[in-house]
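What follows is a short report on a single structure.
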Amino acid sequence: MTTLAPTVAPASRIAALRDWMMRLAGWRRRGVAFAAGAVSVLALAPFFFWPVLFLTLPLLVWLIDGSAAPDTAVTTSASRSTGSPPPGGEGLGVGERSRSSWLRLSAAVSGPRGTAQTDTETVLQALHPTPTPPHRGEGLSAASPSGFASPGTGTSSPLHANVASSATYPPPPGGEGLGVGERSRSSWLRLSAAVSGPRGNPQTETETALQALHPTPTPPHRGEGLSTVSASRFAEADHARPAGFGPSRFAFLSSPVARAAGAGWWFGFGYFVFGLFWLGEAFLVDAAKFAWLLPFAVTLMPAGLALFYAAAAALTWRVSTPGLSRILILSTTLGGAEWLRGHVLTGFPWNVLGYALTSPLPMMQASGLIGIYGLTLWTVVICAAPLVLATRREHTSLGRRWAIPIAVAVIPLAALFTYGSMQLARPAPPEADGIRLRIVQPSVPQREKWLPENQRSIFDLHLALSRTNAQGEDTGLAGITHVIWPEAAMPFFPLEQPIALEDIQTLTGSDVTLITGALRRAPKSGATTPEAGARLAPSDYDYFNAMMVFDAGEGASSVYDKIHLVPFGEYLPMQSLLEAIGLQQLTRLRGGFSSGPQPRPLLTAGALQGIGPLICYEAIFPATIVQGSARPRVLVNVTNDGWFGNTTGPRQHLHQTRVRAVEEGIPIVRAANNGISAMIDADGHVLARLDMDVKGVIDSNLPGIRPPPPYAWAGDWPFAANLLIFAALGLYVRRKSGLQMPEGG
């Protein structure tokens with residue numbers, strides 16, 4: 001008769017996963033946090049598999065919940081220093097026991113120095129800290145001599161007898177009278193007894209030998225038999241350590257708040273390493289000069305950005321309790337961390353977590369209400385609630401256990417989707433009259449772009465594509481009113497090249513306007529005027545990454561200088577210092593680019609007035625797209641993502657640009673050197689696009705503009721309001737639950 005194995009309910013499996021996560025320590029804890037962060041990148045462009053956050057964010061919550069458990073790697077040796085380790089050493093493997101022995105040995109070696117005999121005794125005592133009975137020396141306490149059987153008597157090995165005696169006989173007070181020779185011999189006798197005992201598998205024999213060196217039971221590791229130990233106990237143990245060594249140096253690392261911060265940091269590190277790996281491509285463009293920096297670029301920047309997540313996790317542990325309070329507070333701390341990441345040290349709000357809820361398109365419309373930072377708050381609550389709340393309701397029926405958690409996720413998602421669908425159902429705003437745009441994508445390889453011998457051919461390529469329609473036919477500029485070239489389209493200073501200016505004038509004629517990214521320079525204030533026929537030295541100029549408008553027959557009628565420069569790409573922090581030690585930014589421009597004046601001006605290009613210029617990654621900064629009181633009619637984003645190859649980077653850039661269009665209710669024209677060029681309407685639709693590494697043009701009318709959505713006029717205030725509401729709810733739930741604030745943090 002076949003017996004069916006009992007089935008385990010899914011909720012029980014999830015609860016078991018939660019319990020396992022909360023018991024994790026050491027590299028397993030760090031590895032799970034890193035993997036959870038790395039997998040979370042799948043929620044963003046170009047994958048948009050945001051349901052993965054229903055698993056990864058609960059994992060982060062459970063890791064924070066488990067921060068109360070001491071980190072065994074630190075606390076094991078700390079607890080032993082008191083001579084009273086916690087009971088139940090079953091969970092400590094051979095690797096941890098060996099490491100603990102060597103920690104004690106190192107402490108003895110690096111402690112205060114005395115006589116040779118004293119130092120030797122200290123080292124031996126470190127190898128087995130439990131006081132041992134005297135062997136033959138003076139001061140022998142009243143111990144039964146039967147415990148020290150003579151060699152050759154009885155059936156038991158005398159060495160085993162010594163081992164037994166060392167574990168069972170009380171030591172003499174203070175251990176006086178036992179010389180270094182007897183102690184040394186006693187230690188090695190116990191080790192020899194272990195080695196000469198019955199043979200088994202290698203791990204068992206090694207553990208036996210190590211146990212002979214320190215027979216005192218050891219604290220458990222990674223959860224099995226783990227007793228509840230206060231962090232203060234380990235802090236007291238640290239004070240008992242010799243000055244200058246031991247876990248007292250790392251006492252903070254064993255505290256719950258530090259473990260929570262560590263979980264957040266490793267989660268963030270995985271998230272940013274896999275989300276920003278494409279930054280390394282830029283260091284391979286000029287590999288001979290910059291390839292050596294690649295490992296630092298793809299690790300140090302993610303490591304720095306992960307500090308924001310570490311701070312969020314630490315604060316979450318400190319002010320919340322497990323359950324709904326933890327979720328609400330984590331949403332506020334992560335939301336606040338993402339906002340700070342977008343502003344501190346010029347900011348880098350790339351791949352903000354809230355982008356997960358901007359696909360499909362109806363979901364993106366909510367960014368016009370609360371912005372991308374506000375969506376981050378809701379992303380955490382929606383995705384963390386189902387598993388976290390369901391596993392805290394084990395004693396309720398299956399239906400009731402899952403009803404509330406699922407409702408917390410489904411109701412907001414349904415509301416976001418419904419709102420977005422209603423917004424998209426509105427009639428499209430009318431297109432601009434008499435405007436026909438041609439977006440040029442030359443797809444010039446970045447390695448070839450700045451070679452002096454390629455300057456003319458690259459310029460001619462832009463001219464030729466400008467006369468070609470979307471079908472590849474050379475029809476001139478018939479019906480076109482505006483041509484848009486990408487960032488730094490001309491690999492020279494066009495305002496200083498009369499021949500180039502003549503060719504541009506020939507192209508535009510009397511009724512076409514060219515909008516292009518270009519480089520320019522201007523003499524520094526106070527630069528010495530050169531003698532006749534001489535030129536200023538390169539260091540006497542300020543250099544600008546600019547957008548220029550060439551009206552018909554009038555030259556450069558409007559110029560915008562980029563105000564948000566790329567660190568390490570267009571300038572170096574502490575430029576003079578880093579250049580003095582031989583470092584350069586990727587553009588290899590001595591002194592770096594200078595920033596233009598603020599607020600960002602609006603440009604006029606022929607019949608098209610009110611152009612909001614955005615160069616490169618200026619399009620990723622929410623609430624700073626429009627500066628000043630005037631509202632643009634269109635946003636023009638010129639960029640060169642050729643630095644980053646055919647990776648996820650340019651695709652992420654395009655998606656974030658689409659979200660800016662929805663936040664502001666303004667269409668965006670995007671011209672990229674090698675992709676992705678696009679025409680984006682005010683609702684985030686991509687009306688036309690040229691994919692990566694495609695050479696061609698887009699011909700398009702200019703879409704209409706929407707009335708300003710709430711985010712366009714309120715900025716980040718809706719986010720701040722949501723932040724305060726979530727924080728207040730989290731603190732209220734904590735107080736109503738009757739649970740105390742976590743201690744030891």
Side-chain angles (χ1 to χ4, degrees), residues 14 40 42-45 48-61 312 316 320 323-339 351-393 399-425 622 655 659 662-663 683-684 709-711 714 716-734:
I14 297 171
S40 297
L42 296 176
L44 308 175
F48 299 119
F49 187 61
W50 53 264
V52 73
L53 297 179
F54 284 105
L55 175 61
T56 59
L57 288 179
L59 292 183
L60 177 59
V61 172
T316 298
S320 67
L324 182 58
S325 171
R326 187 84 82 209
I327 297 170
L328 291 169
I329 295 299
L330 181 62
S331 73
T332 62
T333 58
L334 272 181
E338 292 288 52
W339 187 89
N351 278 358
V352 173
L353 197 58
Y355 283 114
L357 293 188
T358 57
S359 181
L361 189 61
M363 306 273 287
M364 188 186 295
Q365 307 309 307
S367 63
L369 281 176
I370 56 177
I372 197 63
Y373 298 123
L375 280 175
T376 298
L377 302 174
W378 284 100
T379 298
V380 176
V381 171
I382 289 171
C383 296
L387 289 186
V388 173
L389 296 183
T391 54
R392 295 191 61 83
R393 298 164 61 86
R400 292 181 60 191
R401 180 187 306 168
W402 287 97
I404 294 179
I406 291 178
V408 172
V410 171
I411 292 176
L413 284 175
L416 292 176
F417 194 88
T418 301
Y419 170 80
S421 299
M422 293 173 61
Q423 292 295 102
L424 295 176
H655 184 73
V659 175
V662 177
E663 288 175 347
D683 296 325
Y711 190 79
D716 286 328
W717 286 109
F719 156 71
N722 277 262
L723 187 81
L724 292 176
I725 292 172
F726 279 33
L729 286 175
L731 296 176
Y732 174 78
V733 171
R734 187 203 74 199

Quick check: does any side chain N or O of [X] sit under 3.5 Å from a backbone N or O of [Y], one acting as donor and the other as acceptor?
X: Gln365; Y: Leu424; result: no
X: Ser421; Y: Pro362; result: no
X: Thr333; Y: Ala312; result: yes
X: Thr358; Y: Tyr355; result: yes
X: Arg326; Y: Ser320; result: yes

How long is the gap from [atom1] on [X] to [atom2] on [Y], to the nearest 0.5 Å?
X: Phe417; Y: Leu357; atom1: CZ; atom2: CG; result: 12.5 Å
X: Ile370; Y: Glu663; atom1: CD1; atom2: CD; result: 10.5 Å
X: Ile406; Y: Leu387; atom1: CD1; atom2: CG; result: 9.5 Å
X: Glu338; Y: Asn351; atom1: CD; atom2: CG; result: 9.0 Å
X: Leu53; Y: Leu42; atom1: CG; atom2: CG; result: 9.0 Å
X: Thr376; Y: Asn722; atom1: OG1; atom2: CG; result: 11.0 Å

**Item:** Working for side chain to side chain contact (heavy atoms under 4.5 Å, CB included), residues Val408 and Leu324
**Value:** CA-CA 10 Å; Val408 172; Leu324 182 58; 5.8 Å; no

**Message:** Between Asp716 and Tyr711, is the side chain to side chain donor-acceptor pair (under 3.5 Å) condition met? List the steps.
**Reply:** CA-CA 7 Å; Asp716 286 328; Tyr711 190 79; 2.6 Å; yes

**Message:** side chain to side chain contact (heavy atoms under 4.5 Å, CB included), that's the test. Do Ile372 and Leu353 meet it? Break it down for me.
**Reply:** CA-CA 8 Å; Ile372 197 63; Leu353 197 58; over 6 Å; no

Heavy-atom pair with the smallest gap, counting every atom of [X] and [Y]:
X: Ser359; Y: Trp50; answer: O-NE1, 2.9 Å
X: Leu413; Y: Met363; answer: CD2-CE, 3.6 Å
X: Val388; Y: Thr391; answer: O-OG1, 3.0 Å
X: Leu44; Y: Ala356; answer: CD2-N, 3.6 Å
X: Thr332; Y: Ala727; answer: CG2-N, 3.3 Å
X: Ile382; Y: Pro412; answer: CD1-CB, 3.6 Å

**Item:** Stepwise side chain to side chain contact (heavy atoms under 4.5 Å, CB included) check, Ile329 with Leu731
**Value:** CA-CA 8 Å; Ile329 295 299; Leu731 296 176; 4.2 Å; yes

**Message:** Using side chain to side chain contact (heavy atoms under 4.5 Å, CB included), reason through Ile327 and Leu389 one step at a time and then give a plain yes or no.
**Reply:** CA-CA 9 Å; Ile327 297 170; Leu389 296 183; 3.9 Å; yes

**Over 12 non-hydrogen atoms of neighbours within 6.0 angstrom of CH2 in Trp378** =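 Atom CH2 in Trp378 is not packed in, count stays at 12 or less.
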
**Request:** Specify whether Phe719 and Tyr373 have parallel, tilted or perpendicular ring planes, treating 30° as the upper limit for parallel and 60° as the lower limit for perpendicular.
**Result:**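 Rings of Phe719 and Tyr373: tilted, as their planes differ by 30° to 60°.
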
